[in-house]
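Input: a single structure, listed below in structure tokens.
Counting starts at 1 for both ligands and their atoms, in listed order.
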Amino acid sequence: MDAGGMGQLRRRDMASAISGAGRCRLSKVGAGRRPPPARVRVAVRLRPFVDGTDGAGEPPCVRGLDSCSLEIANWRNHQETLKYQFDAFYGEKSSQQDIYAGSVQPILRHLLEGQNASVLAYGPTGAGKTHTMLGSPEQPGVIPRALMDLLQLTREEGGEGRPWALSVTMSYLEIYQEKVLDLLDPASGDLVIREDCRGNILIPGLTQKPITSFAEFEQHFLPASRNRTVGATRLNQRSSRSHAVLLVKVEQRERLAPFRQREGKLYLIDLAGSEDNRRTGNKGLRLKESGAINSSLFVLGKVVDALNQGLPRVPYRDSKLTRLLQDSLGGSAHSILIANIAPERRFYLDTVSALNFAARSKEVINRPFTNESLQLRVLAPVKLSQKELLGPSETKRARGPEEEETGSPEPPAAPASASQELSPLQKLSSMDPAVLERLLSLDRLLGSQGSQGTHGLNTPRRERMVLMKTMEEKDLEIERLKMKQKELEAKVLAQEAVDPKDKENSSPTMLRPLARRAVTVAKPLKKAVVMPLQLIQEQAASPSAEIHILKKKGRKRKLESLDASEPEEKAEDCWELQISPELLAHGRQKILDLLNEGSARDLRSLQRIGQKKAQLIVGWRELHGPFSQVEDLERVEGITGKQMESFLKANILGLAASQR
Ligand code: ADP
Ligand code: MG
């Protein structure tokens, strides 16, 4: 990067360089509203022939058609050209201001809405990525312009008397050979990339410098860039072989209740050269670097393809670059990809591949959302409740130095008053599940940021909380199931009350459904006929019980199923039924009525009649008219005499008894 040039750039020059007729004011619009999905915007910038490059003077191999499209010679057929259309095309004569105002500035306002934005410069080495992103003192690029505008905007929006207080921090890193290196603290080594519970990507341990002015930004950015430049000299173009990522965070804190907090992240990324390093004949370290660059850019291509095809797995984790960009591509960011291309013929293949990548990227849909949360002070009472969870000794052990120094914590504002002397368990279970859930999310978030501040939530108490929460959820689930069961039972009763046929059969003894259920319920215990017996015995205790006498006849006689689709009943015990002739006649009549008038559904309520048999009976009735006696059932094709007998045995008792 042109760090030296950047150093010479004075604020005054900068301000005059970026002010201009085309510059529009950023405004805080639509805060809190959930915007529609945002497609990744793709712009292509063609740099002019530059002095000293081979091929200056030759005709360009690519040219613009209008403000959105361009064409490039087709190497397969010289008579033809390949045409591409993008959100914007910036030709050789376009200025830094054109690109900034046309493609970058419009997305910056989203940072003030607590949303993420990212700008990626893509293209082969020498095509103008660094020029676009950083520029020179005379022609400042996207980075200085965006920083100028953002700082100005935050000063305006966060001034005294405004509802939100705003602050800006910056981090600067590079990804070199799959290592994440902090350019503001080069000694820190390879850093890990993590994801919080809301899908935000974080790098614990990455230096964050607060900046309030452009001068402060330069103060941190320039030495860090020089680090890279020194590296580039030593490692021969290292800077074009690493991805440089400037991260600017805009944090907002609401000054009055409910003290909301918002955070918007801006990634400004100068990607490593996308040229095909296999063609450059690299060896040794160069080859290793190439492998790393190629693989991460290759994974970037795979990520874009997976997003376009809506694949369930997007391989973000396959490279550091894509992991970092997870919330910028198909994630929560408003993203703009600037594909830089060069006019020289020697760039031809890399230009075609950059254009193809850009064309694929414009299909990616992002879903930006507002990163809004409540400040910790609102959660303080909950933290207190957590502390109350522990025994006195555990509380003492768990208390962090901060707590000891600051003395008594803020008085609780939430309903959980200190006067409620509840046991730890009760306290937790009385906690609002939503609050508990939020506390856990906060803990996860702080944990993933490597924060030391969550003394009240460390292991084993944290595990305990998680366990308690799980138990609480399980209890709720059981309660819910019980309620559902009750509802279903009530529904069945209500249905039976409405349906006259059911009513007839169910009231007052509800023998029919119970008789059916008896088979099902008793099955695992191999006591198929026990339930009816019990019922009948119960009935026998009542004044009109003398009508049935049941005698045990034998064991292990197998009852035949009328419907092959129903499982056969393996009765252990069998009972000989003695029943008064009037009741028997009544039962038979009931069956006959059902056979003649019942729908297929009604028929299925009978023992040993399944769906298939019920349909056969209805079909037979339509063809031949009503059954004159129950034995006519035997005439239905598919029902044998034996099955008919079994059917009568199974049903007659229940229906006869329903007369009571
Ligand atoms: P990259 O970062 O893609 O490797 P650079 O930004 O370093 O490429 O550009 C290579 C050279 O081309 C630099 O000397 C740069 O100043 C010049 N250059 C790139 N784009 C432009 C442009 N739009 N106008 C003028 N010069 C440019
Ligand atoms: Mg560069």
Side-chain angles (χ1 to χ4, degrees), residues 1-6 8-9 17 43-56 60 62-64 70 88-104 119-145 172-176 183 221 224-233 235-246 268-277 280 286 289-290 293-294 296-297 300 321 337-344 346-351 353-355 357-358:
M1 282 199 180
D2 191 358
M6 183 77 183
Q8 294 156 19
L9 182 68
V44 171
R45 186 183 196 184
L46 172 63
R47 74 152 166 72
F49 284 101
V50 287
D51 294 340
T53 50
D54 301 340
V62 53
R63 68 164 172 246
L70 65 127
F89 169 72
Y90 300 99
E92 311 92 298
K93 294 200 174 73
S94 59
S95 68
Q96 300 280 62
Q97 170 63 17
D98 292 338
I99 284 130
Y100 176 69
S103 291
V104 179
V119 183
L120 297 99
Y122 181 90
T125 303
K129 298 181 295 296
T130 306
H131 180 78
T132 298
M133 293 307 286
L134 190 57
S136 63
E138 302 74 37
Q139 299 178 56
V142 163
I143 289 176
R145 285 167 196 270
Y172 191 25
L173 63 97
E174 69 173 342
I175 302 176
Y176 177 67
L183 288 169
F221 185 76
S225 297
R226 270 196 292 273
N227 278 343
R228 280 196 88 209
T229 315
V230 169
T233 317
L235 293 167
N236 186 14
Q237 291 188 350
R238 167 174 162 175
S239 63
S240 68
R241 292 168 188 282
S242 71
H243 309 289
V245 181
L246 176 67
L268 296 161
I269 305 175
D270 183 358
L271 289 168
S274 66
E275 66 275 9
D276 186 346
N277 287 275
T280 58
R286 288 287 83 77
E289 284 174 354
S290 304
I293 295 166
N294 280 344
S296 60
L297 288 178
L300 183 62
L321 174 69
L337 180 92
I338 305 174
N340 292 268
I341 53 171
E344 293 89 2
R346 68 189 172 88
F347 279 92
Y348 178 79
L349 284 178
D350 291 324
T351 301
S353 93
L355 288 173
F357 175 77

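- Every atom of ligand 1 is numbered from 1 in the order shown, and the set under 4.0 Å from a heavy atom of Lys129 is 1 (P), 2 (O), 3 (O), 4 (O), 6 (O), 8 (O).
- Among protein heavy atoms, atom 17 (C) of ligand 1 sits closest to Val50 CG1, 3.8 Å.
- Backbone and side-chain nitrogen or oxygen atoms of His131 are examined, and one is located within less than 3.5 angstrom of a nitrogen or oxygen of ligand 1.
- Not one N/O/S atom of Thr125, from backbone or side chain, sits under 2.8 Å from the Mg ion (ligand 2).
- Contact between Gly135 and Gln96 at its shortest, heavy atoms only, is CA-NE2, 3.6 Å.
- One option in Ala127, Gly128, Ala342, Ser95 has a heavy atom closer to atom 5 (P) of ligand 1 than any other, and that option is Gly128.
- At a heavy-atom cutoff of 4.0 Å, ligand 1 is contacted by no atom of Ala121, backbone or side chain.
- The residue from Glu92, Arg47, Lys93, Met133 that puts a heavy atom closest to atom 19 (C) of ligand 1 is Arg47.
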For this session: Tell me, with the steps shown, if Leu246 and Leu183 meet side chain to side chain contact (heavy atoms under 4.5 Å, CB included).
Result: CA-CA 10 Å; Leu246 176 67; Leu183 288 169; over 6 Å; no

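- For the pair Glu92 (side chain) and Arg63 (backbone), a donor-acceptor distance under 3.5 Å is absent.
- The shell of residues lying under 4.0 angstrom from ligand 1, judged by heavy atoms, excludes Gln96.
- Put simply, the side chain of Asn340 gets close to the backbone of Ile338: a donor and an acceptor are under 3.5 Å apart.
- Atoms of ligand 1 found under 4.0 Å from any heavy atom of Thr125, numbered from 1 in the order shown, are 4 (O).
- Only side-chain heavy atoms of Arg45 come within less than 4.0 Å of ligand 1; its backbone N, CA, C and O stay farther off.
- Residue contacts with ligand 1 include Pro48, since one or more of its heavy atoms lies under 4.0 Å from the ligand.
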Exercise. Under the side chain to side chain contact (heavy atoms under 4.5 Å, CB included) criterion, do Asp98 and Lys93 qualify, and how do the steps go?
Worked result: CA-CA 10 Å; Asp98 292 338; Lys93 294 200 174 73; over 6 Å; no

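- Using modelled atom types, one finds no donor on one side chain facing an acceptor on the other under 3.5 Å when comparing Asp350 with Ser353.
- In this structure, Glu344 pairs ionically with Arg47, as a charged nitrogen and a carboxylate oxygen lie closer than 4.0 Å.
- Minimum heavy-atom separation, Ala339 to Ala358: CB-CB, 4.0 Å.
- Using a 4.5 Å heavy-atom cutoff, the side chains of Arg45 and Ile99 are in contact.
- At least one N or O atom of Gly126, backbone or side chain, sits closer than 3.5 Å to an N or O atom of ligand 1.
- Atom 9 (O) of ligand 1 is approached by the protein to below 4.0 angstrom, counting heavy atoms only.
- Residue Thr132 places no N or O, backbone or side chain, under 3.5 Å from any N or O of ligand 1.
- Remark: ligand 1 atoms within the under-4.0 Å shell around heavy atoms of Pro124 are 3 (O).
- Within the 4.0 angstrom cut-off, atom 13 (C) of ligand 1 has no protein heavy-atom neighbours.
- Remark: the backbone N or O of Ala121 is not paired with any side-chain donor or acceptor of Lys129 at under 3.5 angstrom.
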For this session: Show your reasoning for whether side chain to side chain contact (heavy atoms under 4.5 Å, CB included) applies to Phe89 and Leu46.
Result: CA-CA 8 Å; Phe89 169 72; Leu46 172 63; 4.0 Å; yes

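- Between Thr130 and ligand 1, at least one N/O pair is under 3.5 Å apart.
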